[in-house]
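Below is one structure, written out as structure tokens, with a few remarks after it.
Remember, predicted model here, so these are calculated numbers, not experimental data.
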Amino acid sequence: MSDSLMPANARPSTGVVTAPRRGRRSLAHSKWPVLILFLPPALLVFTVLVILPMGEAAWYSFFNWNGYGSPTQWIGLRNYQLIFRNSAFTQALINNGLIVLVSVCVQIPLALWLATMISSRIKGALLFRLIFFLPYVLADVAAGMIWRFVYDGDFGLVGGIAHFLGAEAPFWLADRDVAMYAILGVVVWKYFGFHMMLFIAGLQAIDKSVLEAADIDGATGFQKFRLVTLPLLGSTVRLSVFFGVVGSLQLFDMIMPLTGGGPSNSTQTMVTFLYNFGVTRMQIGFGSAVGVVLFVICVTLAFSYKRVFMRND
């Protein structure tokens, strides 16, 4: 039978489906009103609160300016030269590196271990999650004040234990060789609960049949963790490391009530250095230069990490 004699509904299909194309086209058209309605306000807020302050900070960094009036004393790159010649800024860079190292090598492994311990539906698991997550809920300033009291050699918990044991009370926050390590302990205590909750969410998303298959094959607990659980948690681990690194570079609120960057600038971070040497000393141009350096470091690390380690996530 020729095609001309075949009924229209009996002709072979040409493989061209037009309805889904029209559906996709109508869906694309339906997005435009949403974009027109919501995108301009978001761009306006982002420009006013982020882009313009960043541009102003970069502009002010080329001036010797105390924040009053308009900046007029142009000094070019002099502020940046002063930054990298300042020993306190060098110490701040080292301290930020220590915080990043402790966050990645201590805080995140501890959070992962605790997450694997309490992620199962055991009795009391929810209570332990609450206890471990509670430090993260506290404001950074409140946590700093609490631990300042704990470390106090006269009236704090550490001093009380030392007096009870008949030993001399230590003043860790006043010792430039020990103060930064005391802060690192607080950092681990404060933020590991956040990473723990990330890992718990990742563990709950793993298909239980995969773990059951590993049990049937006779895998031990460590083998299941190393060969099954950890690879399936890869994206969560990479995200947790990203948060740990970026957050470590911006640490400020908790250090100020603890030490304020002292003693002798031994606990300065880049943000506390900006505040102490820029804002409080009314050297706005110098502080703006510090902010530009911090911004460049954070953006470079963030985009490099995203490109190298999270490009498939």
Side-chain angles (χ1 to χ4, degrees), residues 8 13-63 65 67 69-71 80 100 103 133 136-141 191 193-207 232-253 270-271 274-275 278-279 284-285 287-313:
S13 173
T14 60
V16 179
V17 181
T18 58
R21 289 185 179 180
R22 288 197 299 267
R24 288 195 297 268
R25 192 179 300 114
S26 62
L27 181 62
H29 285 301
S30 66
K31 292 181 179 179
W32 281 107
V34 178
L35 291 176
I36 294 173
L37 181 62
F38 292 103
L39 186 59
L43 288 177
L44 178 62
V45 172
F46 183 77
T47 301
V48 172
L49 298 182
V50 178
I51 300 299
L52 289 181
M54 287 168 45
E56 288 183 345
W59 174 248
Y60 294 152
S61 67
F62 297 111
F63 291 88
W65 184 46
S70 299
Y80 294 95
V100 170
S103 297
F133 188 68
Y136 180 74
V137 177
L138 288 174
D140 288 0
V141 174
Y191 297 108
F194 168 76
H195 299 280
M196 182 196 68
M197 296 304 290
L198 283 180
F199 291 134
I200 289 176
L203 288 169
Q204 291 178 343
I206 295 177
D207 190 355
L232 294 176
L233 278 178
S235 59
T236 306
V237 172
R238 289 188 290 271
L239 180 64
S240 181
V241 172
F242 175 79
F243 284 143
V245 171
V246 175
S248 298
L249 295 175
Q250 301 174 0
L251 190 64
F252 170 74
D253 294 353
M270 284 187 285
V271 185
L274 186 158
Y275 177 78
V279 177
I284 306 303
S288 298
V290 177
V292 171
V293 172
L294 176 61
F295 172 78
V296 171
I297 292 174
C298 289
V299 169
T300 302
L301 284 177
F303 279 94
S304 299
Y305 184 88
K306 181 75 168 61
R307 185 175 183 84
V308 174
F309 297 103
M310 300 179 67
R311 55 186 174 183
N312 297 324
D313 294 340

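Residues satisfying the ring-ring contact (aromatic ring centres under 6.0 Å, His included) criterion with Phe46, sequence neighbours excluded, are absent altogether. Scored by the ring-ring contact (aromatic ring centres under 6.0 Å, His included) test, Phe63 finds Trp59, Trp74 as partners (sequence neighbours excluded). Partners of Val308 by side-chain contact (heavy atoms from CB on, under 4.5 Å), not counting sequence neighbours: none found.
Asp140 contributes atom CG, which lies 7.0 Å from atom CG of Leu251 (distance to the nearest 0.5 angstrom). Note: Leu39 CG to Leu44 CG = 11.0 Å, rounded to the nearest 0.5 Å. Atom OG1 of residue Thr300 and atom CZ of residue Phe295 lie 8.5 Å apart, to the nearest 0.5 angstrom. With values rounded to the nearest 0.5 angstrom, Lys306 atom NZ is found 15.0 Å from Leu301 atom CG.
In this structure, Trp65 and Tyr60 have tilted ring planes: the angle between them lies in the 30° to 60° band.
Arg238 places no side-chain N or O within 3.5 Å of a backbone atom of Met310 that could act as its donor or acceptor partner. With Ser61 contributing its side chain and Ala58 its backbone, the two residues share a donor-acceptor pair below 3.5 Å.
Side chains of Tyr305 and Val246 form no contact here, defined as non-hydrogen atoms less than 4.5 Å apart.
Within the structure, side-chain hydrogen bond (donor to acceptor under 3.5 Å, both in side chains) pairs that include any residue of residues 47-57 do not occur (at least two apart or interchain). Residues in residues 242-253 take part in these side-chain hydrogen bond (donor to acceptor under 3.5 Å, both in side chains) pairs, two or more places apart or across chains: Ser103-Ser248.
The shortest non-hydrogen separation linking Leu249 to Val271 is O-CG2, 3.8 Å. What you find for Pro40 and Leu35 is that their closest heavy atoms are CD-O, 3.4 Å. Contact between Val290 and Met270 at its shortest, heavy atoms only, is CG1-O, 3.9 Å.
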Review item, side-chain donor-acceptor pairs of residues 193-203, under 3.5 Å, at least two apart:
residue, atom, partner, partner atom, Å
His195, ND1, Ser240, OG, 2.5
His195, NE2, Gln107, NE2, 3.2

